[in-house]
Amino acid sequence: MSSPANDPQLNSEPEPKFSVRSLWKIFGKNADGIIGGEYERQDRDTVREATGCTVAVRDVSFDVLPGEIFVVMGLSGSGKSTLIRCLTRLIEPTAGSVVLDGTDIRECSPQELRELRRHKAAMVFQHFGLLPNRKIIDNVAYGLEVRGQGRAERHARAREMIEMVGLAGYEDSKPGQLSGGMQQRVGLARALAVDPEVLLFDEPFSALDPLIRRDMQQEVLRLQRELRKTAVFITHDLSEALKLGDRIAIMRDGELVQVGTAEELVGRPADDYVRDFVADVARTDVLTVRWLMRDPREGEPLDGPTAEPRTVVREIVPLLAEGTAPVRVMDGDRLLGVVGRTEVLRIIAEDQSDDGKLGTGPQPLADGAEA
Amino acid sequence: MATETTPRTAAGPDGGQDGLLHRTWIRVAAVFAVLIAGYGLLRGQMPFPDSLDVGLGALFDDVYAWIVENRNTSPLFLYGFNYASVGLGSAVILINQGLTLLTPLGVIVLGTFAAWRVAGAKVAAFTLATFAVFGLLGLWDQAMTTLSLIITSVLLALLIGIPLGIVAGRRPGFERALRPVLDFMQIMPAFAYLMPMLLLFGIGNPAAAVATTVYAIPPAVRITALAIRGVDKGALEAAESLGSTRRQILAKVQLPLAKRTIMLGVNQTIMLAVSMVVIASVIGAGGLGDAIYQALNKVDVGRAFEAGLAIVLMAIALDRITAAAGDEARGPHVPPALRRPLLIGGLLATAAAVVVGRLAGLADWPREVRISISDWVNAANTAVQDVFGGFTAWLAEATLNLLLDPLRSVLTDSPWWLVVLAAAALGLALGGWRIALVGGVSILACGLLGAWEESMDTLSQVVVAALATVVVGFAIGVLASRSDRLAAVLRPILDAMQTLPPFVYLIPAVALFGIGRIPALAAAVVYALPPVIRLVNDGIRGVSANTVEAAESLGSTRRQMLLKVQLPLARHSLLLAVNQGIMMVLAMVVIGALVGAGALGYGVVFGMAQNQLGLGMTSGLAIVCLGLFLDRLTQSAAR
């Protein structure tokens, strides 16, 4: 979860790693004519019927900060896989800009683009994309091989990566001899081998069964803690998004509907689409006390238990059950606010009602307190 | 592919599909009725007018005269074709000399070792037996000549075909441009382009090598392109995302992953080369094909059988070896560390065999170690003739009098314009205006080329043979689709039949029917049967099991199932079978000229034998026109 310390809204803006502005991808002939034309604002089906073109990504803008996992989540056909391919021009965008570390990728010559793919951004694919004729070690070393590294050197590095993803001993196997989960570890090792600054994940775990998926998610979080890479992660699985994403973008019909932390999506959905999406999420697991807290009321006892601002609601339920005094939210020695039984009960009640439409959802009471 | 398209047709209501089909067949029948009425009324009164002959034959004769005069002075020949001819000739001779240098013993050791290494012990034993047959039958030299020709042409075809295929696989635009050319090369009967080869390269091995190469290129291109396109898109994208250049993608991803499929193309290329190399004996290719050709000319069935047996064994051995070449698992298991020592060992054994062979004076296959089976074969043939001769003679007579002659008479004696119109009307009924135009024009072209009667003669033979093929092939195919046992028995037979060069089909046909049109037809029917049986069987078996189960649950009898469910749903495959069958029949009927079938094929053979370029070329072009007509017509029906 995002901590206030690197929350973009709160600190002086860190330079974004990736900066995407007004990105469009339209498939079909005369795709260029649509942007700025009469169909620019029409919905997908209308555009397809009138022009035969498919709008896959529509006017998308977002920033990815250094070291964060930025999750793009949407249902199939929402354009998320096209979007991630536009970031390194595996699919050529129709319009807009993608800036990586101050360089506009769309301006790159083929040579520069290749260098960027070889050194800066590596991708992990849903269906692994391994080369079945090569041994695991040569699959992992592929990125180093194409940029011209010597055999001994690249094998040493590949061995290291294979060990890191927990596949030591399988160096000389072929991909076909490995299970799906292991193959995806190879895919991950291959991406990490080139030591990229950005990792791009295209639904990497969708093809795996649930238990393995959970292992792999842990693996990504672990590697992320160790290596602090910037990552863009595509998924159609909300729980995966909530688990991995520092920030999450919800995509629908090629457009971004909402970008925010898990808490913001769950606590303050931008529209009914997002609300429906997060309806089944247990709020008590996602919302933190910072999100619920209010100023203490006149005469309220202030001797209750304390909690840090990032504590999730579930964890303070037992505290509130023990006594009547509200929980104090403390940042070190400073009192930020309190959370009482009423607020928590309201969240629990929302979780238990089907559609989460009790009232208009919790209001962030102290959102601007520190600003 | 049939299974994919058929469910869509099946989705439509029964009535619409049936009604349309009915109307199509009614229209086709009407076309024939009008043609026969016209024949009845105006029989023989309107032959194709000579004034419409565009004089292409004469033009070609002039060209021939010019070439003969200038072959040794014109730069086109001096620096072009002559060089190519000398180069190719030397390549064939060089390889042949190489094989001679190895001595029979060396060749046997090397060939058997290679077969074992690539395809395992069984194929190695078969290869050894094949070599033994070459020697024992006294056909060693001929076999080596044929092998040299095959090696030269295949290398050439792969050298041209694989790069073209790679480009086509990577650039869809290039492939689209190439496709019609390849289509054309494949529907063109082999016989049709022997003549131009002869003209450009002179009689002999170079012309044969070029003709064989041209014939063998299409599968090399097509299958390579298919293999490249079939490479897993995910692997390609991953390689691209890691910054591979196009060249790296080709070398490190596409080629390694496409290797197995490309080897299939190599196998196909070799098989086509084997069949063409035999046919090319009519333009002076030596070797086994020539031995068959000479024997057939003398109606020496025994001798033709010997050479035929040798080429059949060679074809099967080459097929088995190259089919296994793309697949590591088919060969013996050799640990990687032993691969190089093994290879060196094999080469040393070959060298030792050569030395031993030379020292023991075995530079050639020893004359004493020979068995001639031609007398036995001839004796057996006579015995068969005694028993079945009456029947075959009756069958031949009946076919001639009841089918072939009446049909030929309808086609040649009807007013020519009526036949052209009928061709166009058939095209219209089966495929629409474009096909009508193609059909009418290609039949008209046969006349304009000055080969009207011969074309109609050939057409009548094709129609009769195709009818027989379709009837027999469908019957066997349907039976095979309903009995797993029969299908299992048929499969290896069909496999073997499909590896045989078309030429050898003439040998048993001549044995049974003597010479003339009937043996050509018989050979054509047998030649075209395997793909027809296979497509019918696969088509019916490809019908969705769910549909069959549903029909069964509604209480269909087996007969109802076949007529109302399986055949209609397999329609696409069945029509494809008709198309394939007809094209193969055409190719064979033309070759049948070598056993006296006459017509267009005879024009080609006679033109080549007598240096009458005009006759040879116009006959060849007329064959192409007929091929175009038949292919487009049956293909549009299959759509």
Side-chain angles (χ1 to χ4, degrees), chain A residues 81 84-85 87-92 108 110-135 138-148 172 174-176 183-184 186-188 190-194 196 198-204 207, chain B residues 118 162 165-167 169-173 176 223-224 226-266 324-331 333-340:
Chain A
S81 286
I84 200 171
R85 281 167 174 73
L87 299 185
T88 57
R89 279 172 59 192
L90 284 177
I91 292 179
E92 200 63 52
C108 286
Q111 181 61 36
E112 288 165 336
L113 187 63
R114 226 163 20 237
E115 285 307 310
L116 181 142
R117 289 175 182 166
R118 286 175 178 183
H119 296 277
K120 287 199 144 178
M123 194 155 166
V124 180
F125 295 88
Q126 179 176 6
H127 297 295
F128 323 138
L130 302 180
L131 302 174
N133 56 322
R134 291 175 163 231
K135 292 188 231 167
D138 287 318
N139 263 290
V140 174
Y142 183 85
L144 305 171
E145 184 181 332
V146 294
R147 67 190 197 197
D172 291 335
K174 294 274 178 78
Q183 291 193 36
Q184 194 56 294
V186 177
L188 192 57
R190 177 177 63 185
L192 290 171
V194 299
V198 182
L199 279 169
L200 304 172
F201 293 92
D202 179 31
E203 299 204 40
Chain B
V118 170
I162 290 183
I166 290 172
V167 179
R170 283 155 69 91
R171 295 181 191 278
R176 269 195 300 279
I223 299 181
T224 306
L226 189 77
I228 296 281
R229 253 185 293 122
V231 168
D232 177 29
K233 296 280 173 294
L236 280 184
E237 196 177 33
E240 202 187 340
S241 81
L242 287 163
S244 314
T245 58
R246 277 183 70 82
R247 178 183 232 152
Q248 285 172 328
I249 287 193
L250 179 65
K252 292 174 193 288
V253 183
Q254 287 176 315
L255 285 182
L257 294 189
K259 199 176 87 186
R260 264 174 87 154
T261 315
I262 293 179
M263 279 313 295
L264 260 179
V266 173
D327 192 354
E328 290 263 307
R330 304 265 282 271
H333 180 72
V334 180
L338 287 180
R339 281 180 195 166
R340 190 179 293 249

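Just the heavy atoms: all of them, side chains too, but no hydrogens, waters or symmetry mates, feed the values below. Residue numbers begin at 1 in each chain, while the letters A, B, ... track the order of the sequences.
In terms of non-hydrogen atom pairs under 4.5 Å with chain A, the most contact-rich of Ala235(B), Gly234(B), Ala239(B), Ser241(B) is Ser241(B). Among Leu130(A), Asn133(A), Leu200(A), Leu116(A), the residue with the largest count of heavy-atom pairs under 4.5 Å with chain B is Asn133(A).
For Ala193(A), the side-chain contact (heavy atoms from CB on, under 4.5 Å) partners are Val140(A), Leu144(A), Met161(A), not counting sequence neighbours. Applying the salt bridge (Lys or Arg N to Asp or Glu O under 4.0 Å) criterion to Arg147(A), with sequence neighbours excluded, gives no partner residue. Partners of Tyr142(A) under the ring pair (Phe, Tyr, Trp, His ring centres under 6.0 Å) rule, at least two apart in sequence or in another chain, do not exist in this structure.
Between Arg85(A) and Asp202(A), the closest side-chain pair of non-hydrogen atoms falls below 4.5 Å.
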Would you check, one step at a time, whether the test side chain to side chain contact (heavy atoms under 4.5 Å, CB included) holds for Ser81(A) with Gln126(A)? CA-CA 10 Å; Ser81(A) 286; Gln126(A) 179 176 6; 5.7 Å; no

Would you check, one step at a time, whether the test side chain to side chain contact (heavy atoms under 4.5 Å, CB included) holds for Glu237(B) with Lys233(B)? CA-CA 6 Å; Glu237(B) 196 177 33; Lys233(B) 296 280 173 294; over 6 Å; no

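At a heavy-atom separation below 4.5 angstrom, chain A is approached by Ser244(B), Thr245(B), Gln248(B), Lys252(B), Val253(B), Pro256(B) within residues 244-256 of chain B.
Around CZ of Arg171(B), the count of heavy atoms belonging to other residues, nucleotides or ligands within 6.0 Å does not exceed 12.
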